[in-house]
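Owing to the predicted nature of the structure, the values given are computational and were not obtained by experimental measurement. Order of the sequence lines sets the chain letters (A, B, ...), proteins ahead of strands, with each chain counted from 1.
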Protein chains: 2
Amino acid sequence: MQELLFDFISKYVALTEKEKAALVDLNIFKTVKKGTVLLAEGDRSSDGYFVLEGCLRSYYVLEGEEKTTAFYTEMEGLTPVCVLTKQPSEYFVSTSEDCILTVSDPSMEAEIFEKFPKFETLCRVLSEELLAKQQINFDDFKIATPEQRYLSLLEKRPDLMQRVPQHQLASFIGVKPQSLSRLRARIIKKSKS
Amino acid sequence: MQELLFDFISKYVALTEKEKAALVDLNIFKTVKKGTVLLAEGDRSSDGYFVLEGCLRSYYVLEGEEKTTAFYTEMEGLTPVCVLTKQPSEYFVSTSEDCILTVSDPSMEAEIFEKFPKFETLCRVLSEELLAKQQINFDDFKIATPEQRYLSLLEKRPDLMQRVPQHQLASFIGVKPQSLSRLRARIIKKSKS
DNA sequence: AAAAAACGTTCACTTAAGTTAAGAAAGTAG
DNA sequence: CTACTTTCTTAACTTAAGTGAACGTTTTTT
């Protein structure tokens, strides 16, 4: 299962056997069952996650309603805001499916950065990539209507449509579940005429 | 004017006179007049900006309409997506006011990182901070209605209301200028009753 | 200073999302 | 397998944003 991680990393930097062993020694691989809450509102966690298999979801609970803000699937990483701000978390993170994850915290990172500076470069590159992706996502969200957001989700992440309940997708798209149903009906009607 | 930059940096790391001199030698300080387009759609630029004074705006032009996605004011930095992806830019960046900026590109950064590793740490910390801020901004945008977004903008960035034309604010909030007018009228009406 | 352009507000009308409620369908647990 | 719960869809009604147009104001240009 750690092969998944090594394959991913190899796209960025080559790893020696020693480096691979060091990673394994950190004991960061975890399997987690569907529905597990990894981070709850108010928690002071310092754990970051990387998804090897499965799907994570982050969401706020406002007036009893879940507002889904992001999904993280294979080969995507998530460092909760509270890890960076060192404040209690304002949102939840839970597993939408059975998952294989890596779990790490800043102290573990510091440790391995010192032994193998190569990992620091890797993390910097990844976080730059992430920043650009996030900016594009945000821009796309702002520019598009809910209907356009739904259509581009269909195009860019068709897998999500299958794996995630509609009402979670709805709030991810920025509408109520009823509106998503209606919006889909509208699209189907259009495509027929 | 470079004092502004040194004061800002000193919140994160202490700089020696040598380090300050090295920064100044890079010749990164520029003054730019209001209305200058720093980056246009299609450009392949590798320049990043840091605002010492003034205000930058990034926006898409879609079907002849400007869609403002962000404002950058004093002590805020901007690395356009195209710098990271090395693709032609999909959006514009222009000055909303007369500005004092620093302008730098990756090769200059590499040069100074090598001489003074301290700057690399600084940039890593800043970009982590930025990532967290962006995530929070995105989440807030998703969670709120246009009216709530307007009110929280009033609260969090009251300066923008003064310095930026309404129609730019409107698309930043995610509505048409007419809707922003209406929305403001609605709020005033409410507060009276 | 006059003319032109850009900006902000208001209005009437259209379109789409929020809300409330009901019922069908699917998934889960006993 | 049945009962229960959650999820999805549909519908009628309400609320707010989009659209097109008019009009006064401000800013820019010449």
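Atoms CZ (A:R186) and P (D:dT9) sit 14 Å apart, rounded to a whole Å. Between the C1' atom of C:dG18 and the CG atom of A:L180 lies a distance of 14 Å, rounded to the nearest Å. Rounded to whole angstrom, the span from the CZ atom of B:R184 across to the C1' atom of D:dA17 amounts to 17 Å. A straight line from NZ of B:K33 to P of D:dT28 spans 13 Å, rounded to a whole angstrom. Straight-line distance from the CD atom of A:E63 to the P atom of C:dG18: 14 Å, rounded to whole Å. Between the C1' atom of D:dT10 and the NZ atom of A:K189 lies a distance of 13 Å, rounded to the nearest Å.
If one axis is set at each end of the helix from C:dA1-D:dT30 to C:dG30-D:dC1 from five pairs, those axes are 50° apart, to 10°.
At distances below 3.5 Å, at least one donor-acceptor pair connects side-chain atoms of B:E76 with backbone N or O atoms of B:T73. Side chain of A:T95 to main chain of A:T36: a donor-acceptor pair is present (N/O by atom type, distance under 3.5 Å, no hydrogens or angles). Proximity of a side-chain donor or acceptor of A:S171 to a complementary backbone N or O of A:T68 within less than 3.5 Å is detected.
With A:E97 as reference, A:R163 is the one residue of A:R163, A:K33, A:K34 to meet the salt bridge (charged side-chain N to carboxylate O under 4.0 Å, His left out) rule.
The side-chain hydrogen bond (donor to acceptor under 3.5 Å, both in side chains) check on B:S181 picks up nothing, with sequence neighbours excluded. Qualifying side-chain contact (heavy atoms from CB on, under 4.5 Å) partners for A:I9, counting only residues two or more places apart in sequence or in other chains: A:L5, A:V13, A:L15, A:L23, A:L122. Remark: A:L180 engages A:Y150, A:Q166, A:L169, A:A170, A:I173, A:V175, A:L183, A:R184 in a side-chain contact (heavy atoms from CB on, under 4.5 Å) (not counting sequence neighbours). Listed by chain and residue number, A:E147 satisfy the salt bridge (Lys or Arg N to Asp or Glu O under 4.0 Å) test with A:R186 (two or more places apart in sequence, or in another chain). With sequence neighbours excluded, no residue satisfies salt bridge (Lys or Arg N to Asp or Glu O under 4.0 Å) with A:R149. The side-chain contact (heavy atoms from CB on, under 4.5 Å) search around B:T16 returns B:K18, B:E19, not counting sequence neighbours. Taking the side-chain contact (heavy atoms from CB on, under 4.5 Å) definition, one finds that A:P165 meets it with A:H167, A:Q168, sequence neighbours left out.
For the pair A:K142 and A:F138, the cation sits on the ring face: its NZ or CZ lies under 6.0 Å from the ring centre, inside 45° of the axis.
A heavy atom lying under 4.0 Å from DNA chain D marks the following residues of residues 137-149 of chain B, by number: B:P146. Residues of residues 150-178 of chain B that place a heavy atom closer than 4.0 Å to DNA chain C, in numerical order, are B:P165, B:Q166, B:H167, B:Q178.
Within the 4.0 angstrom heavy-atom criterion, base atoms lie near B:R182.
Of the candidates D:dT10, C:dG8, C:dG18, the closest approach to any side-chain atom of A:S181 belongs to D:dT10.
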In B/S/- notation (B base, S sugar-phosphate only, - none; protein heavy atoms under 4.0 Å), nucleotides 24-30 of chain C written 5' to 3' is -------
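Here B:I143 is tied into one hydrophobic group with A:V32, A:L38, A:L39, A:Y49, A:V51, A:L56, A:Y60, A:L62, A:Y72, A:L78, A:V81, A:Y91, A:V93, A:L101, A:V103, B:I136, each link being a pair of ILVMFWY side chains closer than 4.5 Å.
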